[in-house]
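The block underneath contains the structure these notes are about, expressed in structure tokens.
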Amino acid sequence: MKNEIFNNLFVLELANNHWGDLKRGKKIIRQFAKVVKENKVKAAIKLQFRDVDNFIHKDFKNDGKGIDLLKLPKRSRYIQKTSKTKLTYDEFKELIDYIKKYDCIPMSTPFDERSVDWCVKMGLSIIKIASSDINDWFLLQKIAKTKLPVIASTGGANDKQIDDVVRFFTNRNIPISVNHCVSKYPSEDHELELDQIDYLKQKYPDIVIGLSTHEYHDWHSSMYISYGKGARTWERHIDIPYPKGHEQKEVSKYCSLPHQIDEFFKSFNRAVVMCGNNPDRRRIIDDKEANYLFALYRGLYLKEDLKKGDLNTLNNVYSAVPFQKEKDQISSREFFDGKFKVNKDIQKDTPLTKFDLE
């Protein structure tokens with residue numbers, strides 16, 4: 001199975017932060033595409049597709065209408081924000097084309113079956129499965145029919161639920177990547193549970209494991225840790241500041257601004273350099289390191305005068321710096337206790353060379 005598409009992939013989750021405004025959506029894409037280009041990373045900008053007219057049951061379409069979203073219960077807040085951020089197929093297509101124009105990979109999380117059809121019609125190359133839908137079999141069966149690679153966030157899923165979705169796609173030879181994710185928006189540092197990356201890598205050694213993260217205290221630490229643990233795809237929500245008077249008022253804590261994503265990317269590039277590229281074999285020791293260590297080697301010197309033909313054993317020599325390789329001295333790294341005859345007279349404290357022994 002080909003998992004290369006997931007390796008070192010960043011997914012920038014635009015979600016509904018366009019607020020149904022194409023102009024705002026394009027502005028977000030432009031600003032983050034610039035950061036992607038400057039850092040030379042592989043990145044997707046991801047939308048959320050919903051066929052809103054059918055996604056929300058008709059009896060709940062006015063749930064919480066005209067009320068401040070933050071004062072609504074979560075169910076009603078979700079319904080209202082979904083309604084207010086509605087885009088048509090053509091508007092989504094325009095944003096997808098705009099993402100391509102700025103050399104990013106277009107992606108989407110479809111939340112209903114018709115939205116899966118939109119992913120296919122728009123030529124998307126990867127589909128994201130939200131944590132809430134990891135065992136939504138109506139939706140997953142529709143996604144599987146596309147044969148497109150999928151990234152699934154684990155969120156609050158248990159072992160069986162994760163096993164089921166992995167088995168479902170691998171049995172159909174559909175590439176899948178699994179993201180460790182804590183569905184708390186935002187997440188505190190003590191809630192990140194980054195050891196779960198180790199757990200998932202051990203559990204699924206043949207698939208790419210990633211991190212979908214919502215922490216907000218810094219944009220460096222989780223990257224260093226997750227990359228070192230073997231995560232190879234990452235997802236973060238993105239946004240830009242809101243104009244005065246907008247009902248959103250301010251950027252949510254779990255969303256990253258362009259300068260913060262810039263820090264995230266730079267931390268990735270630094271982590272790559274620091275970790276190296278040889279996890280499956282012994283690293284190459286370069287001349288700089290070899291020469292440094294060479295200066296620390298000890299050479300063998302005689303404890304006493306020896307006559308030609310005398311036996312030379314470990315009792316006759318001692319180790320000391322410097323090791324005089326230019327004189328063909330034997331180092332303490334090459335010598336083992338034994339009986340050797342010397343082929344000439346040698347004075348005490350003289351370097352013992354390979355030419356002194358028969």
Side-chain angles (χ1 to χ4, degrees), residues 9-21 24-25 27-29 31-32 35-36 41 43-50 68-82 84-85 104 107-109 111 128-134 151-157 178-197 210-227 231 233-243 246-268:
L9 171 67
F10 289 91
V11 178
L12 306 181
E13 169 67 270
L14 199 155
N16 295 316
N17 291 330
H18 49 71
W19 277 91
D21 182 343
R24 177 178 174 78
K27 185 176 181 180
I28 295 173
I29 292 167
Q31 291 193 20
F32 282 92
V35 178
V36 169
V41 296
I45 296 180
K46 182 168 71 69
L47 305 175
Q48 292 184 350
F49 286 176
R50 295 179 182 86
D68 187 335
L69 288 183
L70 295 178
K71 295 179 179 179
L72 290 172
K74 289 185 178 180
R75 183 200 70 190
S76 298
R77 194 185 310 168
Y78 176 59
I79 291 172
Q80 281 301 298
K81 187 171 184 180
T82 297
K84 290 185 176 183
T85 58
C104 289
M107 271 185 68
S108 176
T109 302
F111 285 85
K128 173 68 193 299
I129 299 169
S131 297
S132 58
D133 294 331
I134 195 168
I151 300 176
S153 282
T154 55
V178 173
N179 279 354
H180 164 56
C181 172
V182 175
S183 299
K184 296 180 181 179
Y185 302 82
S187 302
E188 300 297 336
D189 288 351
H190 69 273
E191 296 173 322
L192 297 183
E193 298 282 356
L194 294 179
D195 279 350
Q196 287 293 294
I197 296 171
L211 172 65
S212 180
T213 182
H214 312 112
E215 88 277 11
Y216 64 101
H217 291 295
D218 74 69
W219 279 258
H220 306 89
S221 301
S222 69
M223 172 52 69
Y224 293 145
I225 296 169
S226 63
Y227 185 88
T233 182
W234 295 266
E235 181 177 8
R236 293 200 73 136
H237 286 251
I238 59 172
D239 204 354
I240 57 176
Y242 290 86
H246 195 284
E247 66 176 287
Q248 179 64 22
K249 298 181 176 62
E250 60 183 22
V251 172
S252 300
K253 286 183 178 180
Y254 61 84
C255 290
S256 300
L257 295 168
H259 75 276
Q260 292 167 330
I261 287 295
D262 183 62
E263 293 177 31
F264 198 53
F265 289 162
K266 283 181 168 55
S267 297
F268 163 75

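All residue numbers refer to positions in the sequence shown, counting from 1.
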query: Taking C-beta and beyond as the side chain, do F49 and T109 meet within less than 4.5 Å on heavy atoms?
result: no
field: Residue pair R24 / I240: nearest heavy atoms and the distance that separates them
entry: NH2-O, 2.9 Å
message: Is it the case that the ring center of F10 lies less than 6.0 angstrom away from the ring center of F265?
response: yes
- prompt: How far apart are the C-alpha atoms of Q196 and T154, what are their side-chain angles, what is the distance that settles it, and do they pass the side chain to side chain contact (heavy atoms under 4.5 Å, CB included) test?
  reply: CA-CA 10 Å; Q196 287 293 294; T154 55; over 6 Å; no
- prompt: Is the charged tip of R236 near the ring of Y254: under 6.0 Å from the six-membered ring centre and within 45° of its axis?
  reply: no
- request: Check S131 against C181 and note the closest heavy-atom contact, atom names and distance.
  value: OG-SG, 3.8 Å
- request: Would you check if the side chain of H214 reaches a backbone N or O of V182 as a donor-acceptor pair within less than 3.5 Å?
  value: yes
message: Any non-hydrogen side-chain atom of H18 less than 4.5 Å from a side-chain atom of T85?
response: yes
query: How many angstroms lie between CD in Q31 and CD1 in I261, if you round to the nearest 0.5 Å?
result: 12.5 Å
- request: Would you confirm whether Q260, through its side chain, and L257, through its main-chain N or O, come within 3.5 Å as a donor-acceptor pair?
  value: yes
- prompt: Atom CD1 of I45 and atom CZ of F32: how far apart are they, to the nearest 0.5 Å?
  reply: 8.0 Å
query: With a 4.0 Å cut-off, would you call E13 and K128 a salt bridge?
result: no
- request: Establish, from distance only, whether the side-chain atoms of W219 and S267 form a donor-acceptor pair under 3.5 Å.
  value: no
statement: Taking every heavy atom of H246 against every heavy atom of Q248, the minimum-distance pair comes out as ND1-N, 2.9 Å
field: Sub-4.5 Å side-chain heavy-atom contact between S256 and D239
entry: no
field: Where V36 and A43 come nearest, the two heavy atoms and their spacing
entry: CG2-CB, 3.6 Å
message: When you measure from the side chain of N16 to the backbone of W19, do you find a donor-acceptor pair of N or O atoms at a distance under 3.5 Å?
response: no
- request: Kindly assign one of parallel, tilted or perpendicular to the pair H237 and Y185, based on the angle between their ring planes and the thresholds 30° and 60°.
  value: perpendicular
message: Any side-chain to backbone donor/acceptor pair from H180 onto E193? Under 3.5 Å, distance only.
response: yes
Min side-chain heavy-atom separation F264-S222 under 4.5 Å: yes
message: With heavy-atom distances below 4.5 Å as the criterion, would you say the side chains of N179 and I151 are in contact?
response: yes
query: Does a side chain donor of either K46 or S108 reach within less than 3.5 Å of an acceptor in the other side chain?
result: no
- request: Check whether any side-chain heavy atom of W234 sits under 4.5 Å from a side-chain heavy atom of L9, and report yes or no.
  value: no
task: Would you sort out whether E188 and Y216 count as a side-chain hydrogen bond (donor to acceptor under 3.5 Å, both in side chains), showing the intermediate values?
output: CA-CA 7 Å; E188 300 297 336; Y216 64 101; 2.6 Å; yes
message: Nearest 0.5 angstrom please: S153 OG to I129 CD1, how far?
response: 9.5 Å
field: Heavy-atom pair of closest approach, residues A44 and M107
entry: CB-SD, 3.6 Å
message: Under a 3.5 Å distance rule, please check whether S226 uses its side chain to pair with a backbone N or O of L211 as donor and acceptor.
response: no
message: For the backbone of H220 and the side chain of D218, can you confirm whether one donor and one acceptor N or O come within less than 3.5 Å of each other?
response: yes
- request: State whether the side chain of N17 and the backbone N or O of I238 hold a donor-acceptor pair below 3.5 Å, judged by distance alone.
  value: yes
